[in-house]
Amino acid sequence: MEFVILAVVIALVAVGVTISGLVISSRKKKQLPPSAPSSAPTITAPPAEPHVGDEAETPREEPRRTVEEVELPPADEAAGAPAAVEDPVVAAPPAPEIEVPEPTAGRLVRLRARLARSQNSLGKGLLTLLSREHLDEDTWEEIEETLLIADVGVAPTQELVERLRERVRVLGTRTPDELRTLLREELLNLIGTDADRTVRTESGLETPAVVMVVGVNGTGKTTTTGKLARVLVADGRSVVLGAADTFRAAAADQLQTWGERVGARTVRGPEGGDPASIAFDAVKEGIAEAADVVLIDTAGRLHTKTGLMDELGKVKRVVEKHGPLDEILLVLDATTGQNGLVQARVFAEVVNITGIVLTKLDGTAKGGIVVAVQRELGVPVKLVGLGEGPDDLAPFEPEAFVDALIGD
Ligand SMILES: Nc1nc2c(ncn2[C@@H]2O[C@H](COP(=O)(O)OP(=O)(O)OP(=O)(O)O)[C@@H](O)[C@H]2O)c(=O)[nH]1
Ligand SMILES: [Mg+2]
């Protein structure tokens, strides 16, 4: 009998040892996050997820309390529900939530109400004027003024007015429907429907596509870079962000926050560091992790205009050591109107702008700037910003834009 009891005890001890061995060996396997060498650029990934059981492990050194030292709960508490055992899963800090951005298709249609001011003054204003029974000289002047106030620009305004006059004359009597069709056609004509407005995010090579975002300060570069990252992630692409704005300390944080929300890594460097080397490292990182696209945010402010321009030129040249830049997006704030055109000209002298992003089109009556800026640069508007929300960036579609302007 004693022998049987002894055998059972030995067996239980053996099982216990095996289990604790398993636990220990599985803990040993857990990998530590790699620590970056101090000379390397700071590459910041979204915070690693906590592992189940992290908190459950009691450090060996911790002195354990004996039964005698543990105070018993008061009787009434002990009589209630069983004391909660701390659940490591519940106690762990919540994993950062990776957001799933809205699809991009049809965004402009969904956001059309945001064009309210342009809608009222440009689209509907023109329709009302054209519907007047007598289209006298004063009315044509008012039409011209409406277009100029909406920042369409002098030459395009004159062209449009001329064409409208001619077509209205040929038409004779006008029904509201005929006028709407006519105005729609002529506005589309002015904006152009043939240009390729896709943002080039496929390099066609083994390496990631590289997109650089430029523009003066406050136009919305960082916001646009962040929103664009979301658009790409929504389309199933992997993205690396390069925070090449080292002018402002908060700039890299701002970009990184955008990246973390969709799980995109941000390559950043010290404040006042060399933007070109950060851009270079961002592309290097993109290549290393086989990302689809690298988006580079740049500074919009330097002490001098020449300083800014030299810096941008350098960022471009250095990035091109890895391969060609696929897209250089110029971000313009639509509310600044004609000022934006002056900026556009300056940037176009230094880098080869391949697409325009017009931000803050929500709540401005200056929707006509779309026409003016394309004329100025000979480059299409590819994206429009229609709000501060994370998904308020829409691919620019001329038809949807004009329809939103003149209403149904
Ligand atoms: N209403 C509206 N606000 C926008 C839009 N795009 C950007 N903004 C706002 O404009 C402000 C400036 O945006 P940023 O992205 O920081 O501009 P930036 O060009 O990076 O500025 P710097 O880094 O200083 O050069 C922010 O408050 C944005 O939320 C838009 O389409 N509509
Ligand atoms: Mg910025």
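Whatever order the structure lists ligands and atoms in, that order sets their numbers, starting from 1. Position 1 is the first residue of the sequence, and the numbers go up from there.
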*asked:* Quick test: of every protein heavy atom, which one is nearest to atom 24 (O) of ligand 1, and how far off is it to 0.1 Å?
replied: Arg301 NH2, 3.4 Å

_Any Asp392 heavy atom less than 4.0 Å from ligand 1_ = no

*asked:* Taking the basic N atoms (NZ, or NE/NH1/NH2) and the acidic carboxylate oxygens, is any pair closer than 4.0 Å for Arg107 and Asp391?
replied: yes

_Options Gly215, Gly218, Gly363, ranked by nearest heavy atom to atom 12 (C) of ligand 1, top entry_ = Gly218

*Where do Ser131 and Arg174 land on the side-chain hydrogen bond (donor to acceptor under 3.5 Å, both in side chains) test, with the steps shown first?*
CA-CA 8 Å; Ser131 308; Arg174 302 146 270 142; over 6 Å; no

*Looking at Gly385, which atoms of ligand 1 are within less than 4.0 Å of one of its heavy atoms?*
31 (O)

*What protein heavy atom sits nearest atom 23 (O) of ligand 1, and how far off is it?*
Arg248 NH2, 3.0 Å

*Take Asp333 and Thr336 through the side-chain hydrogen bond (donor to acceptor under 3.5 Å, both in side chains) test and state the conclusion after the steps.*
CA-CA 6 Å; Asp333 175 342; Thr336 62; 4.8 Å; no

*Which residue and non-hydrogen atom of the protein lie closest to atom 29 (O) of ligand 1, and at what distance in Å?*
Glu388 OE1, 2.6 Å

*asked:* Quiz question: by atom type and distance under 3.5 Å, do the side chains of Asp177 and Thr175 form a donor-acceptor pair?
replied: no

*Which of the atoms of ligand 1 are close to Leu386, meaning less than 4.0 Å from one of its heavy atoms?*
31 (O)

*Minimum-distance protein heavy atom relative to atom 8 (N) of ligand 1*: Lys360 CE, 3.8 Å

*asked:* I'd like to know if the side chain of Lys316 reaches the main chain of Ala276, judged simply by a donor and an acceptor atom lying under 3.5 Å from each other, with no hydrogens or angles considered.
replied: no

_atom 14 (P) of ligand 1 [closest protein heavy-atom partner, distance rounded to 0.1 Å]_ = Thr223 OG1, 3.3 Å

*Hey, does Gly220 come in under 3.5 Å of ligand 1, counting only N/O atoms on both sides?*
yes

_As an exercise, identify every atom of ligand 1 less than 4.0 angstrom from a heavy atom of Asp362._
1 (N), 2 (C), 30 (C), 31 (O), 32 (N)

*Does Glu142 pair with Arg132 as a salt bridge, N-O distance under 4.0 Å?*
yes

*Between Arg112 and Gly407, is there a donor-acceptor pair closer than 3.5 Å when you use the side chain of the first and the backbone of the second?*
no

*asked:* Considering non-hydrogen atoms of the protein only, which is the closest contact for atom 25 (O) of ligand 1, and what is the distance?
replied: Lys221 NZ, 2.8 Å

_Thr222 N/O to ligand 1 N/O under 3.5 Å_ = yes

*Determine, step by step, whether Thr354 and Glu327 satisfy the side-chain hydrogen bond (donor to acceptor under 3.5 Å, both in side chains) criterion, reporting the C-alpha distance in whole Å, the side-chain angles of both residues, the deciding distance to 0.1 Å, and the verdict.*
CA-CA 6 Å; Thr354 55; Glu327 187 86 68; 2.5 Å; yes

*Are the charged groups of Glu271 and Arg248 less than 4.0 angstrom apart, N to O?*
no

*By number and element, which atoms of ligand 1 are closer than 4.0 Å to a non-hydrogen atom of Asp245?*
23 (O)

_Show the atoms of ligand 1 that are less than 4.0 angstrom away from any heavy atom in Gly300._
25 (O)

*Can any side-chain N or O of Lys221 pair as donor or acceptor with the backbone N or O of Gly215 at less than 3.5 Å?*
yes

_Is Asn217 close enough to the Mg ion (ligand 2) that one of its N, O or S atoms comes in under 2.8 Å?_
no

*Spatial distance of atom CG (Asp253) from atom CZ (Arg268) [nearest 0.5 Å]*: 4.5 Å

*Nearest-contact summary for atom 16 (O) of ligand 1 - protein heavy atom, Å*: Gln254 NE2, 3.1 Å

